[in-house]
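Throughout, numbering of the chain's residues begins at 1 and tracks the sequence. Reckoned from all heavy atoms, side chains included, excluding hydrogens, waters and symmetry mates.
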Amino acid sequence: MTPKKYPMPTHCPVSGEPLEVTGLVGPTSGVKLEGRFQPNEFTLLAPEQLEFLRMFVRARGNLKEVERSLGVSYPTVRLRLETMLKALGYEGDAAPDAGKGGARADILSRLEAGDIDAAEAAKQLRALKIRS
């Protein structure tokens, strides 16, 4: 009987820092490798971000398809994408909705989540319009 495999922990339970990979084992051969290995950036994503990435890839990058699959608004999908990109360290890259469009999506997403009411969302959207 094969032992159950659990998701690899990615952060130290004491310090919260990312864990280093120091050993690998061939499951069939039993060959063991020891050293200091650099995991790829996707390894450090939170489980919900990794699931979003999988859905994004299955939808071939079509955010409208992701929106339909998740049953959430387009601004919410954009916010999740931006959050995932930040977690991957890509926040400095130019994004199509950066700036005012990204701020608008954030306001609408917070409205949908109930973090702000319609009056506050309208006020913030007007303030964005004035700045442009």
Indicate every side-chain donor-acceptor pair of residues 39-49 with a distance under 3.5 Å to a residue at least two apart or in another chain.
{"unit_1": "Asn40", "atom_1": "OD1", "unit_2": "Phe42", "atom_2": "N", "d": "2.9"}
{"unit_1": "Asn40", "atom_1": "OD1", "unit_2": "Thr43", "atom_2": "N", "d": "3.1"}
{"unit_1": "Asn40", "atom_1": "OD1", "unit_2": "Thr43", "atom_2": "OG1", "d": "3.3"}
{"unit_1": "Glu41", "atom_1": "OE2", "unit_2": "Tyr90", "atom_2": "OH", "d": "2.6"}
{"unit_1": "Thr43", "atom_1": "OG1", "unit_2": "Asn40", "atom_2": "O", "d": "3.3"}
{"unit_1": "Gln49", "atom_1": "OE1", "unit_2": "Ala46", "atom_2": "N", "d": "3.1"}

For a quick test of your reading: what N or O donor-acceptor pairs under 3.5 Å do the side chains of residues 56-63 make, sequence neighbours left out?
{"unit_1": "Arg60", "atom_1": "NH1", "unit_2": "Arg58", "atom_2": "O", "d": "3.4"}
{"unit_1": "Asn62", "atom_1": "OD1", "unit_2": "Lys64", "atom_2": "N", "d": "2.9"}
{"unit_1": "Asn62", "atom_1": "OD1", "unit_2": "Glu65", "atom_2": "N", "d": "3.0"}

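Distance CG/Leu108 to OG1/Thr76: 8.5 Å, rounded to 0.5 Å. For the atom pair OG1 of Thr83 and CG of Leu88, the computed distance is 11.0 Å after rounding to the nearest 0.5 Å. For the atom pair OG1 (Thr10) and CD (Glu17), the distance works out to 12.5 Å, reported to the nearest 0.5 Å.
No side-chain heavy atom of Ser69 sits under 4.5 Å from any side-chain heavy atom of Val66. Between Ile107 and Glu120, every side-chain heavy-atom pair lies at or beyond the 4.5 Å cut-off.
Nearest heavy atom pair, residue Leu19 against residue Pro9, reads CD1-O, 3.7 Å. Contact record, Ala118 with Leu111: N-CD1, 3.6 Å, taken as the closest heavy-atom pair. Taking all atoms of both residues into account, the shortest heavy-atom contact from Val77 to Glu67 is CG2-CA, 3.6 Å. Shown here for Arg80 and Phe52, the closest heavy-atom pair between the two residues is CB-CE1, 3.8 Å.
A salt bridge is absent between Glu82 and Lys86; no separation between the charged side-chain nitrogens and carboxylate oxygens falls under 4.0 Å.
Side-chain heavy-atom separations under 4.5 angstrom define the hydrophobic clusters, and the remaining members of the one that includes Met8 are Val21, Leu24, Leu33, Phe37. In this structure, Val31 stands alone, with no Ile, Leu, Val, Met, Phe, Trp or Tyr side-chain heavy atom under 4.5 Å from its own, directly or through other members. Under a 4.5 Å side-chain heavy-atom criterion applied to ILVMFWY residues, the cluster that includes Leu79 comprises that residue alone. Val14 shares a hydrophobic cluster with no other residue; no ILVMFWY side chain has heavy atoms under 4.5 Å from its own.
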